[in-house]
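Before any comments, here is the structure.
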Amino acid sequence: MTALLQHPGYDEEKLRRVAEQLPCREVQAGLLLSLMGEPQQYSYPSIFIYGHRASGKSHVLHVLLKELELHHATVSCVECVSVALLFEQVLLSFFGCDAASLLPRSPSLSDFVRIYRQQPVTMETSSHQTVVLNPVVEDNVTVILLSEIVWDKFRPNTGCFEPLLLHFPDYSKGELQQILSQDRHPSYSAEFYSSYINILLGVFYSVCRDLRELRHLAALNFSKFCEPLEEGKVKETDTHKLWRNIEPHLKKAMQTVYLREVSSLQWEQMQLMEEKEAGALRGLSAHTHVELPFYSKFLLIAAYLASYNPARTDKRFFLKHHGKIRKTNFLKKNEKTSNHLLGPKPFPLDRLLAIFYSVVDSRVAPTASIFSQISSLVTLQLLTQVSHDDQLDAPKYKCAVSLDFICAISRTVNFDIVKYLYDFL
């Protein structure tokens, strides 16, 4: 049963609609409402909401702002790559195009504050406002920051105004069961779909607690779960037979958790092809079906170049203004054999990252996401870690894919890898 939200400053019907849309997050929604206060009250200047991915942070805030009709502006720090874009987005959300057009080409914070204060005060804009922006505008403004990283990582050394912290914990297994069971197919009973979710969580919960990923997996594999039922082989209550049918399918799907290697349609087509042409596909590598994330593709490209190019050629391929260096200058007497015939050579992590930052088009910070994608490539056996586990400071890897495969990956990101291979000079 949905818990009720209570707050004296808001209509009970609106709060009921909010609670219905926020299963298992009523406590966090109530705390956030308490911090924000009533619509006409001055609220706390800044709130920092943090928690792991898919823990309900954005969803709770979006539902509260929409259903309670709180005037707000939403700004993405990923999309707003400059201060000018951030200021423009805020003014556009609050006051429209006319106010945003007053910004100069390279606006400062003073320009933004001046334009903000010049806007006419209406009943709508004088009410409670929830917006990602600096409170020096002297208005009833609350800065709400959403992050997967704790506040300690953002706190400047010079000090700052400390926000109130609100943590969103991960969903428990019971909460995930409750939330995912609400997505049941109308053609089947609630008990049947709930049993399917229970089986799904039994397989994936130990490795994945991301609500969005689990919801994707649930939708992706439900048709396979229902096949024996549609064929009349079992009844809805034959859970054990349904489990035996879906178990190998779910274990195969575990290889695509988080990576989204294929779309739902591609996954279904692959399964049909495997069933109809099992003999023909038996000799093909499973890697031919992989669709990696964007940066993982460039990491794999960098790994291939590091495995098959001598280290001393990195300057020739990846350093600007290196001058003209002919291949004959590199050759030694014992280096007449192609590197592709000799096989991949191990390379250190720092060389992999150096090549990666050279070949990727955009500027990428060395975040934990990049390192986790390297681990994922190892898990997928596209990379092989060749150093010992005790060598934590200098891990070494080898690239484990073929030339045809890396050329196919390179084409998807418009990168001509042949131009960077020493053997093809």
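These figures come from a predicted structure and were not determined experimentally. In this chain, residues are counted from 1 in sequence order. Every heavy atom of this structure was used, including side-chain atoms; hydrogens, water molecules and symmetry mates were not.
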- Short question: side chain of N245, backbone of H240 - any donor-acceptor pair under 3.5 Å? no
- Task: Say whether, by atom type as modelled, one donor and one acceptor occur between the side chain of D111 and the main chain of S108 under 3.5 angstrom.
- Result: yes
- side chain to side chain contact (heavy atoms under 4.5 Å, CB included) between L165 and I49, intermediate numbers included: CA-CA 6 Å; L165 305 182; I49 302 175; over 6 Å; no
- Residue list, side chain to side chain contact (heavy atoms under 4.5 Å, CB included) with Q118, at least two apart or on another chain: R114
- Minimum heavy-atom distance A303-F347, with the two atoms named: O-CE2, 3.4 Å
- Message: Any donor-acceptor pair under 3.5 Å linking the side-chain atoms of D98 with those of S101?
- Response: no
- Under 3.5 Å: donor-acceptor pair, side chain of N309, backbone of Y422: yes
- Message: Between R17 and E20, does the salt bridge (Lys or Arg N to Asp or Glu O under 4.0 Å) criterion hold? Intermediate values first, please.
- Response: CA-CA 5 Å; R17 290 200 303 267; E20 289 178 351; over 6 Å; no
- For A54 and R212 the tightest heavy-atom approach is N-NH2, 3.4 Å
- Task: Please check if the side chain of R16 supplies one atom and the backbone of E12 the other of a donor-acceptor pair under 3.5 Å.
- Result: no
- Message: Holding to salt bridge (charged side-chain N to carboxylate O under 4.0 Å, His left out), I want the full list of residues that pass it with E247, two or more places apart in sequence or in another chain.
- Response: K251
- Query: When the ring planes of F112 and Y116 are compared, do they come out parallel, tilted or perpendicular, using 30° and 60° as the limits?
  - Reply: tilted
- Heavy-atom closest pair (S46 atom, Y44 atom, distance to 0.1 Å) is O-CD2, 3.1 Å
- Message: Within the supplied structure, the quantity of interest is the number of heavy atoms (other residues, nucleotides, ligands) at a distance under 6.0 Å from N157 CG; does it exceed 12?
- Response: no
- Message: Angle between ring planes, F225 versus Y196, binned at 30° and 60°: parallel, tilted or perpendicular?
- Response: tilted
- Would you check, one step at a time, whether the test side chain to side chain contact (heavy atoms under 4.5 Å, CB included) holds for L33 with L68? CA-CA 10 Å; L33 271 180; L68 301 182; 3.5 Å; yes
- Task: Provide the closest heavy-atom pair for F192 versus L242 in the form atom of the first, atom of the second, distance.
- Result: CE1-CD1, 3.6 Å
Identify all side-chain donor-acceptor contacts of residues 77-89 below 3.5 Å with residues at least two apart in sequence or on another chain.
| unit_1 | atom_1 | unit_2 | atom_2 | d |
| --- | --- | --- | --- | --- |
| S82 | OG | L85 | N | 3.4 |

- All salt bridge (charged side-chain N to carboxylate O under 4.0 Å, His left out) counterparts of D350, not counting sequence neighbours: none
- Kindly indicate, with the supporting measurements, whether the criterion salt bridge (Lys or Arg N to Asp or Glu O under 4.0 Å) is fulfilled by E162 and R155. CA-CA 8 Å; E162 293 287 329; R155 183 183 287 110; 2.9 Å; yes
- Using the test salt bridge (charged side-chain N to carboxylate O under 4.0 Å, His left out), find all partners of R215 that sit at least two apart in sequence or belong to another chain. D183
- Note on the structure: For H71 and F94, the nearest pair of non-hydrogen atoms, with its separation, is NE2-CD2, 3.2 Å
- Query: Cationic tip of R184 within the cone over Y188's six-membered ring, i.e. under 6.0 Å and within 45° of the normal?
  - Reply: no
- Query: Counting N and O atoms only, with roles assigned by atom type, does the side chain of E69 sit under 3.5 Å from a partner on the main chain of L65, one being a donor and the other an acceptor?
  - Reply: no
- Does atom NE2 of H52 have more than 12 heavy-atom neighbours from other groups under 6.0 Å away? no
- Message: Surrounding OH of Y308 (heavy atoms of other residues, nucleotides or ligands, distance under 6.0 Å), is the total greater than 12?
- Response: yes
- Atom CD of E148 with >12 non-hydrogen neighbours under 6.0 angstrom: yes
- On a heavy-atom basis, the closest approach of C24 and Y171 is CB-CE2, 4.2 Å
- Task: Keeping the roles fixed (side chain from N221, backbone from L217), state whether a donor-acceptor pair exists under 3.5 Å.
- Result: yes
- Task: Decide whether S195 and T239 meet the rule of one side-chain donor and one side-chain acceptor closer than 3.5 Å.
- Result: no
- Set of side chain to side chain contact (heavy atoms under 4.5 Å, CB included) partners for L403, sequence neighbours left out: Y304, H340, I406, C407, L421, F424
- Query: In terms of the angle between their ring planes, are F356 and F298 parallel, tilted or perpendicular, with boundaries placed at 30° and 60°?
  - Reply: perpendicular
- Query: Counting N and O atoms only, with roles assigned by atom type, does the side chain of E67 sit under 3.5 Å from a partner on the main chain of L64, one being a donor and the other an acceptor?
  - Reply: no
